[in-house]
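To keep things clear, I will list the structure first and then write my remarks on it.
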Amino acid sequence: MAPLTLDDHRRAFAGAMAALVAEFDAYLGRGRADLASDLVGYRQHAVWSSREELLQMISELRAVIAPRLTHRATEDRARYLLSPIPFPAEEPAADSD
């Protein structure tokens with residue numbers, strides 16, 4: 001990732017998001033989408049983390065996800081896409097009461 005310019009990252013991220021939107025649109029367009037039953041979620045969580053805490057969380061997510069990457073299709077398995085995207089966010093503005 002280091003050799004990429006900021007504009008390279010913008011284009012790569014836009015491409016990744018376009019692919020994600022296309023995948024989700026395809027899911028909705030199949031005519032059998034049942035978001036509740038399919039456990040579909042699109043959430044964004046803001047967490048306060050030190051660098052060490054973030055590294056630990058990434059490690060924990062990898063430990064949970066990695067073993068499942070080798071699962072093969074079976075009659076009782078559906079293919080799900082997971083898209084964790086951690087990046088620093090601006091701090092919310094303080095209330096001016």
Side-chain angles (χ1 to χ4, degrees):
M1 301 278 276
L4 298 179
T5 67
L6 294 180
D7 283 338
D8 290 339
H9 283 290
R10 283 184 182 100
R11 284 188 292 276
F13 188 79
M17 292 302 96
L20 184 61
V21 168
E23 290 281 1
F24 192 71
D25 189 56
Y27 160 71
L28 295 176
R30 286 194 287 265
R32 58 185 189 276
D34 182 342
L35 283 79
S37 176
D38 292 338
L39 302 175
V40 172
Y42 40 92
R43 297 167 187 88
Q44 186 174 50
H45 305 282
V47 297
W48 294 91
S49 290
S50 67
R51 180 175 179 77
E52 293 76 23
E53 291 166 334
L54 183 58
L55 288 169
Q56 181 64 37
M57 182 174 62
I58 291 169
S59 175
E60 291 168 359
L61 288 170
R62 286 179 181 158
V64 169
I65 295 169
R68 289 158 176 84
L69 296 176
T70 60
H71 287 185
R72 299 288 176 232
T74 63
E75 203 173 284
D76 63 334
R77 283 189 176 140
R79 185 170 176 250
Y80 282 81
L81 297 177
L82 301 174
S83 302
I85 307 168
F87 63 93
E90 292 292 320
E91 292 187 26
D95 290 337
S96 55
D97 292 327

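What you see below is based on every heavy atom in this structure, not just the backbone, and it leaves out hydrogens, waters and symmetry mates.
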What's the shortest heavy-atom distance between [X] and [Y], and which atoms?
X: D38; Y: R32; answer: OD2-O, 4.5 Å
X: L54; Y: S49; answer: N-CB, 4.0 Å
X: E53; Y: W48; answer: OE1-O, 4.0 Å
X: P67; Y: A63; answer: CD-O, 3.1 Å

**Report entry** Rounded distance (nearest 0.5 Å) linking atom CG of D34 with atom CG of L39
**Finding:** 9.5 Å
Query raised in the report: Can you tell me how far CD of Q44 sits from CD1 of I85, rounded to the nearest 0.5 angstrom?
Result: 9.0 Å
Requested in this report: Taking the side chain as every heavy atom from C-beta outward, state whether E52 and L55 have any pair of such atoms under 4.5 Å apart.
Outcome: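 E52 does not reach L55 side chain to side chain.
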Query raised in the report: D76: what forms a salt bridge (Lys or Arg N to Asp or Glu O under 4.0 Å) with it, not counting sequence neighbours?
Result: none
Same cluster for [X] and [Y] if Ile/Leu/Val/Met/Phe/Trp/Tyr side chains link at under 4.5 Å?
X: F13; Y: L6; value: no
X: I58; Y: V64; value: no
X: F87; Y: L20; value: yes

Report task. May I ask you to list the residues sharing a hydrophobic cluster with L35, side-chain cutoff 4.5 Å, ordered by chain and number? Result ->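 Cluster partners of L35: F24, Y27, L28, V40, Y42.
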Query - Exceeds 12 heavy-atom contacts within 6.0 angstrom, atom CZ of R77 - result: yes
**Report entry** Sequence neighbours excluded, every pair satisfying salt bridge (charged side-chain N to carboxylate O under 4.0 Å, His left out) that has a member inside residues 11-24
**Finding:** D8-R11
Query raised in the report: Side chains of E60 and Q56: donor-acceptor distance under 3.5 Å anywhere?
Result: yes
